[in-house]
Amino acid sequence: MSEQQIPKTFDPADIEARWYPHWEKTGAFRPERPDAGPWTLVNPPPNVTGSLHIGHALDNTLQDVLARYERLRGKDAKWVVGVDHAGIATQMVVERQLAEKQQKRTDFTREEFVKKVWAWKEESGGQITRQLRRLGCSMDWSNEQFTMDPHFVRAVTKVFVDLYNDGLIYRDKRLVNWDPGLKTAISDLEVETVEVKGHFWRFRYPLADGVTLADGRDYIEVATTRPETMLADMAVAVHPDDERYASVVGNFVEQPITGRRLKIVADEHADPELGSGAVKITPGHDFNDFEVGKRAGIAAGDMLNMFNADAHVVQTQDGLVPDQFVGLERFAARAAVVAELKRLGCLIPHVARTKDGEEQELDAEPRRIQTPFGDRSNVVIEPWLTDQWYVDAEKLAVEPMRAVREGDINIVPKSWEKTFFNWMENIQPWCVSRQLWWGHRIPAWFDDDGNVFVAMSEQEAVDQAGGGTLRRDEDVLDTWFSSALWPFATQGWPEADVKGEGRYPNDVLVSGFDILFFWDARMMMMGMHLLSDVPFRDLYLHGLVRAADGQKMSKSKGNTVDPLGLIDDYGADALRFFMTAMESQGRDIKMDQGRIEGYRNFATKLWNAARFAQGYGIGASDTLAPPAATTAVNQWIIGETIRTAQAVELVLADYRFDAYASTIYQFTWNRFCDWYLELIKPVLQAEGGHDDAAETKAVAGWVLDQILVMLHPVMPFITEELWHKLGERPYDLILAKWVEADSRSISADAAEEVDWLIELVTAIRSSRSELNVPAGAKLPLFVRDAEGGTVERLERQGSALERLARIESVSSDPAPAGGAAQIVVGEATYVIPLEGVIDIAAEKARLTKNRDAAAKEAKALAGRLSNENFIAKASEAAVAEARTKLADRTAEQERLDAALDRLG
RNA sequence: GGGCGCGUAGCUCAGCGGUAGAGCACUGCCUUCACACGGCAGGGGUCGCAAGUUCGAACCUUGCCGCGCCCACCA
């Protein structure tokens, strides 16, 4: 693609469709650059069945900004990409498809079903990767990963075996969060607590054996929000110090429905302040009660279970559940238990007042109950006693906490550290087994006696067992177990020496804060244990993309925005710029189409600026260093370019994405387009050529190139297109060199001169506009009180001034008598005769407004400077600055007073 | 119950110790030969409230009021 005329219209779709395949085909994402140092980033693997949502667009834009920036700075930027098998999510999708055909998973063998999932993976797995390409993400597709690739399976198996052998994975019988919808255990993190409307019932449990309480009552009152669990009650607990019950501890109550004798135990868990102070204990179906039960000497194996896998009532081991309850669904069982207790006269009614103040008896007190739901199934979670595999997270959490504390891992923004520590310090054993078919099958085998053998292969397990036939564990691993290995398993670990290659630790991880525990922390635990080093040096956490009204986006609310649609409407570059500009640390992003449109306009602006430049023979620069410049305007823009590059480097080092976007935006539009291009028009358009033309074209071409370079990380498509349209290039922009930001190329004098010119032009324009001078009218300008330096500047910048402020001539002669606009800039006053045109009253009003503004500021400054505390305590620089400003403002005010006098 | 964050122009957001900025929207002028997805000029804010620290506070501290998120066993 060689130099050619830039078309009048900017068509993002056309450009995007051409450049992405070109980059990918030419290997630009991982070019051969033997001298380049490694820089590594791994992409949070999206679900294989997923499609790109707006959160992915944010996450991947930020990563691509970093990857492209580092690539431009000469690094061998490797951005690892791949997809996650997403156990539960994917299995659910395929099961849903079966359901549409009136089929279910269990109609098939495990092998048949898994085959169907693989088929679906092949069919749908490419979608999200195609979409990432449309966003422009410069990932290393040559090394695309899948968490169920054969080498990944080996890595996962090895990790499981190693952790088992290290005692960090174990099998345990305890309560798990059981999802009766999916019929699998899930981890704590996959449980979402939601407040729902519920009831709080109170019941009487009669004391057995004729015992009574100190006050003579023959029953103990217990309360619950889950009456159905009474069918498996095993005790009643009271606080050891609770006098009311001290006499009956060690005695029994009789559960009214089952007739089971429940021991009254003393346990700190019972809160004397709450309700009656006595609490029923169901060790098999409540996390607290499980602990109380254990303390009371009930072994896990003896705890009564009253549910099957889909939460229907089953007979307990002691056979005491009346037949009428067996087989009931859990919520039906709840109603049945309440009804039966009521019938038995054991229900204590709740007395409520109606709005009219009348008393009313209810079965139970209405309450808001914190209820656990499965995050995937949206079904109420049941604590259920099962054998599962656990990772000893507490031990694995030690090193990551140390790493964060000591700065080996730098969490950005820092405010997340507290959340991180809070979770890590209270971490619970991680249940990693899932009763699913899709996933990494657990490498554990059992013999007929229930002995377990954990091994890399069945053969090894058999060898361990000393022969015989073994049965492999049916369960698979939590998806996050495999993705926890992502920073190294994707790069060939354990065979490859990822540390030696400089690819581990990764340089940075970018993720949404919503997966800090699920994924980021687990990578730290696994990485630090298995590779003895942190998985990444920096952890950048970004927020959520919210709907325009601030609500969380979700399919069920129907308020999602499709990033692909936004790309169609505004171009990928505009969407990327939006994400980058809005990414402010520690804050969510609210959708704002107006902004995306604004950034589309920005792209168009750049396009037209390049087109303009090209029209005057400005093209690809042939130097990396700034070209030699003699004019103030050229020196100034070079300095501004370098300052911009330095600012960009500074803010990107701190992951200040918004600051990066606004820095480059303002430079491009407000400096380069609004001023520089306008200032050089007289040079470019001079009839018969201009002495400064060659220099100016060289500088303009260089600056434009630097803009393309600096903008490329966030707007890769338009910049690559313009890069080539502006001239023959030895390489694509994606592989160009970052700006040589050498401060020695900044001229302070040039900056002062151009700042002065801008101030003067702006002031003249402002007065023209306020005095309603016709926009096209060219006016003479008379200067008074100008010092030598200003006179020279006026000579040098005369043609620019004439063009930008619509001035016909500049003269240091006294202005003719009569009405005139007067403009004060610096020490000089600029007079524009407007006899007959000017409205003297309007000009007086305008000058007075300016005078008053100067006077007000001068007064404030004078006040500050007359405060001896300020002089004594404020920094010298602050005092000096105040003095300078006061002098300036006072002088300005005096000149404006003089101008007002002249108006009469 | 703990923790985190947010309340700045009509809207979306920067600024985080020296008397307020951007984009969009708004008003006026401009069909000026790069761009009307544009140019120029302009209006608009007692920076949630209160007290404190400081020579000086949108910016630091404390309290309060609103909003949001996360974690947690009130049966």
Side-chain angles (χ1 to χ4, degrees), chain A residues 6 8-10 188 193 200 222-226 229 237 269-271 273-282 286-292 370 413 415-416 418-419 421-423 426 513-514 516-517 543-544 546 548 550-552 570 574 578 581-582 584 586-595 597-616 658-659 662 665-666 670 673-674 677-678 681 685 761-762 765-770 772-776 803-804 806 856-857 860-861 864-865 867-875 877-879 881-882 885:
Chain A
I6 299 173
K8 192 163 163 57
T9 5
F10 162 52
D188 300 345
T193 308
F200 187 65
V222 294
T224 183
T225 57
R226 303 198 50 201
T229 60
H269 168 66
D271 182 349
E273 308 293 319
L274 277 177
S276 67
V279 57
K280 69 182 209 63
I281 300 297
T282 320
D286 182 283
F287 287 101
N288 287 312
D289 293 3
F290 179 81
E291 297 301 325
V292 175
Q370 303 289 327
S415 52
W416 283 106
K418 211 159 188 171
T419 308
F421 284 122
N422 185 47
W423 187 69
N426 297 297
F513 63 75
D514 52 326
L516 172 61
F517 305 144
L544 259 46
R546 298 180 168 278
Q551 290 220 319
K552 211 165 158 174
Y570 302 104
F578 168 77
M582 299 305 287
S584 170
R587 200 176 179 126
D588 287 344
I589 292 179
K590 237 181 260 190
M591 266 321 289
D592 184 352
Q593 299 243 146
R595 282 233 178 194
E597 195 176 328
Y599 296 129
R600 189 272 319 269
N601 296 351
F602 173 66
T604 306
K605 182 78 181 178
L606 174 70
W607 183 265
N608 283 300
R611 201 160 63 85
F612 164 78
Q614 186 178 59
Y616 287 97
D658 56 343
S662 73
Y665 180 100
Q666 281 173 26
N670 305 127
C673 291
D674 288 350
L677 290 183
E678 296 302 325
K681 276 181 180 173
Q685 296 170 348
V761 168
T762 305
R765 281 173 174 171
S766 179
S767 58
R768 289 179 63 122
S769 174
E770 287 180 47
N772 291 317
V773 177
R803 173 160 191 138
L804 297 184
R806 299 245 139 194
K856 187 185 169 198
E857 203 179 332
L861 287 159
R864 198 188 304 170
L865 283 161
N867 180 340
E868 33 186 276
N869 280 323
F870 176 68
I871 306 292
K873 295 182 182 174
S875 73
V879 176
E881 195 191 332
K885 270 173 139 180

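Protein chains get the first letters and strands the later ones, always in sequence-line order, with residue 1 at the start of each. Note that the coordinates shown come from a computational prediction; the quantities given were computed from them, not determined experimentally.
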* Asked: Mind checking whether A:Arg600 and A:Thr604 have side chains closer than 4.5 Å, heavy atoms only?
  -> yes
* Given B:G39, B:C73, B:C55, which nucleotide is nearest the side-chain atoms of A:His269? -> B:C73
* Asked: Once you round it to whole Å, what is the distance between P of B:A34 and CG of A:Leu677?
  -> 11 Å
* **Protein-nucleotide distance (A:Asn426, atom CG; B:G3, atom P), rounded to Å** => 13 Å
* To do: Select base, sugar-phosphate, or nothing to describe what A:Thr762 touches, counting heavy atoms under 4.0 Å on all strands.
  => sugar-phosphate
* **Pairwise P distance, B:G21 and B:A41 [rounded to whole Å]** => 16 Å
* **Side chain of A:Lys552 - closest among B:A75, B:C70, B:C37** => B:C70
* Calculate the interatomic distance between A:Asp592 atom CG and B:G10 atom C1'; express it in whole Å. => 13 Å
* What distance, rounded to whole Å, do you find between the two P atoms, one in B:C6 and one in B:G48? -> 12 Å
* To do: Check every strand shown and say whether A:Ala270 touches a base, only sugar-phosphate, or nothing at a heavy-atom separation below 4.0 Å.
  => base
* **Whole-angstrom distance between B:C49 and B:G7, as gauged at atom C1'** => 11 Å
* Asked: Which is true for A:Lys681 with a 4.0 Å heavy-atom rule: it touches a base, it touches only sugar-phosphate, or it touches nothing?
  -> base
* Phosphate OP1/OP2 of B:G7 contacted by A:Arg587 side-chain N/O (<4.0 Å) -> yes
* Have a look at A:Met591 and say if it touches a base, only the backbone sugar-phosphate, or nothing, with a 4.0 Å heavy-atom cut-off. => nothing
* To do: Have a look at A:Lys8 and say if it touches a base, only the backbone sugar-phosphate, or nothing, with a 4.0 Å heavy-atom cut-off.
  => sugar-phosphate
* Asked: NA contact type, A:Asp286, heavy-atom cut-off 4.0 Å: base, sugar-phosphate, or nothing?
  -> nothing
* Would you indicate which nucleotide in B:C13, B:C55, B:A72 comes nearest to any side-chain atom of A:Gln370? => B:A72
* Asked: Now, which nucleotide makes the Watson-Crick or G-U wobble pair with B:U31, with each of the two distances under 3.5 Å?
  -> none
* Report the base-pairing partner of B:C55 (Watson-Crick or G-U wobble, both distances below 3.5 angstrom), or none. => B:G18
* Asked: Side-chain donor or acceptor of A:Lys418 under 3.5 Å from a matching atom on the base of B:C4?
  -> no
* Consider the side chain of A:Phe517, meaning its heavy atoms from C-beta on, and name the nucleotide among B:U12, B:C71, B:A34 that approaches it most closely. => B:C71
* Nearest-neighbour nucleotide for the A:Asp658 side chain, B:A75, B:A14, B:A34 considered -> B:A14
* C1' spacing across the pair B:C40 / B:U32, given as an integer number of angstrom -> 11 Å
* To do: Report which part of the nucleic acid A:Asp271 touches: base, sugar-phosphate, or nothing (heavy-atom distance under 4.0 Å, all strands).
  => base
* To do: Give one of base, sugar-phosphate or nothing for A:Ala609, where a contact means two heavy atoms less than 4.0 Å apart.
  => base
* In whole Å, what separates the P atom of B:C69 from that of B:C13? -> 15 Å
* Rounded distance (nearest 0.5 Å) linking atom NZ of A:Lys885 with atom CG of A:Leu861 -> 6.0 Å
* Could you check which nucleotide pairs with B:G63 in any of the strands shown, counting Watson-Crick or G-U wobble with both distances under 3.5 Å? => B:C49
* Asked: Which comes earlier along RNA chain B counting from the 5' end, the contact point of A:Lys590 or that of A:Gln666, where each point is its nearest nucleotide?
  -> A:Lys590
* **Derivation and outcome, side chain to side chain contact (heavy atoms under 4.5 Å, CB included), residues A:Lys552 and A:Arg546** => CA-CA 5 Å; A:Lys552 211 165 158 174; A:Arg546 298 180 168 278; 4.1 Å; yes
* Asked: With a non-hydrogen cut-off below 4.0 angstrom, is A:Tyr616 in contact with a base, only sugar-phosphate, or nothing?
  -> sugar-phosphate
* Asked: In terms of side-chain heavy atoms, does A:Asn608 have a donor or acceptor partner in A:Arg611 at a distance below 3.5 Å?
  -> yes
* For atom CZ of A:Arg595 and atom P of B:C13, their distance in whole Å -> 8 Å
* How would you label the contact of A:Arg546 with the nucleic acid (heavy atoms, under 4.0 Å): base, sugar-phosphate, or nothing? -> sugar-phosphate
* Value in whole Å for how far the P atom of B:C73 lies from CG of A:Asn288 -> 8 Å
* B:A9 and B:A20: how far apart are their C1' atoms, nearest whole angstrom? -> 10 Å
* Structure fact -> Picking from B:A14, B:A75, B:G42, the nucleotide nearest the side-chain atoms of A:Glu770 would be B:G42
* N/O donor-acceptor pair under 3.5 Å between A:Asp588 side chain and A:Leu544 backbone -> yes
* **Residue matched to B:G1 through Watson-Crick or wobble contacts both under 3.5 angstrom** => B:C71
* When rounded to the nearest Å, what value does the distance between P atoms of B:G42 and B:C35 take? -> 25 Å
* What orientation do A:Trp607 and A:Phe10 show, parallel under 30°, tilted 30 to 60°, or perpendicular over 60°? -> tilted
* Asked: Does A:Ser662 place a side-chain N or O at less than 4.0 Å from the phosphate oxygens OP1/OP2 of B:A22?
  -> no
* Can you tell me how far P of B:G38 sits from CG of A:Leu606, to the nearest Å? -> 14 Å
* To do: Using a 4.0 Å heavy-atom cut-off across all strands, classify A:Tyr599 as base, sugar-phosphate, or nothing.
  => nothing
* **Interatomic distance at P, B:A22 relative to B:G43, whole Å** => 12 Å
* May I ask you to say what A:Thr419 touches in the nucleic acid, namely base, sugar-phosphate or nothing, with a heavy-atom cut-off under 4.0 Å? => nothing
* Asked: Between A:Asp588 (CG) and B:C6 (C1'), how many Å, whole number?
  -> 10 Å
* **Criterion side chain to side chain contact (heavy atoms under 4.5 Å, CB included) on A:Lys681 and A:Leu804, from CA distance to verdict** => CA-CA 10 Å; A:Lys681 276 181 180 173; A:Leu804 297 184; over 6 Å; no
* Asked: Less than 3.5 Å between a donor and an acceptor, one on the side chain of A:Glu678 and one on the base of B:A34, is that the case here?
  -> yes
* Asked: Considering Watson-Crick and G-U wobble pairs with both distances under 3.5 Å, what does B:C26 pair with?
  -> B:G42
* Less than 3.5 Å between a donor and an acceptor, one on the side chain of A:Arg600 and one on the base of B:C37, is that the case here? -> yes
* Closest nucleotide of RNA chain B for A:Asn869 versus for A:Pro774: which of these residues is on the 5' side? -> A:Pro774
* Which is true for A:Gly615 with a 4.0 Å heavy-atom rule: it touches a base, it touches only sugar-phosphate, or it touches nothing? -> nothing
* Between A:Phe578 and A:Arg595, is there a cation-pi geometry (under 6.0 Å to ring centre, at most 45° from the normal)? -> no
* Are the side chain of A:Arg806 and the backbone of A:Arg768 linked by a donor-acceptor contact shorter than 3.5 Å? -> no
* May I ask you to decide if the ring planes of A:Tyr599 and A:Tyr665 are parallel, tilted or perpendicular, using 30° and 60° as cut-offs? => perpendicular
* To do: Name the nucleic acid region contacted by A:Arg611, choosing base, sugar-phosphate or nothing; use a 4.0 angstrom heavy-atom cut-off, strictly under.
  => sugar-phosphate
* Measure from CH2 on A:Trp416 to C1' on B:C71 and round the result to the nearest Å. => 11 Å
* Asked: If you check the A:Asn867 side chain, which of B:U12, B:C4, B:C55 turns out closest?
  -> B:C55
* Reckon A:Ser766 has a side-chain N or O less than 4.0 Å from the OP1 or OP2 of B:G42? -> yes
* **Below 4.0 Å: OP1/OP2 of B:G2 and any side-chain N or O of A:Asn422** => no
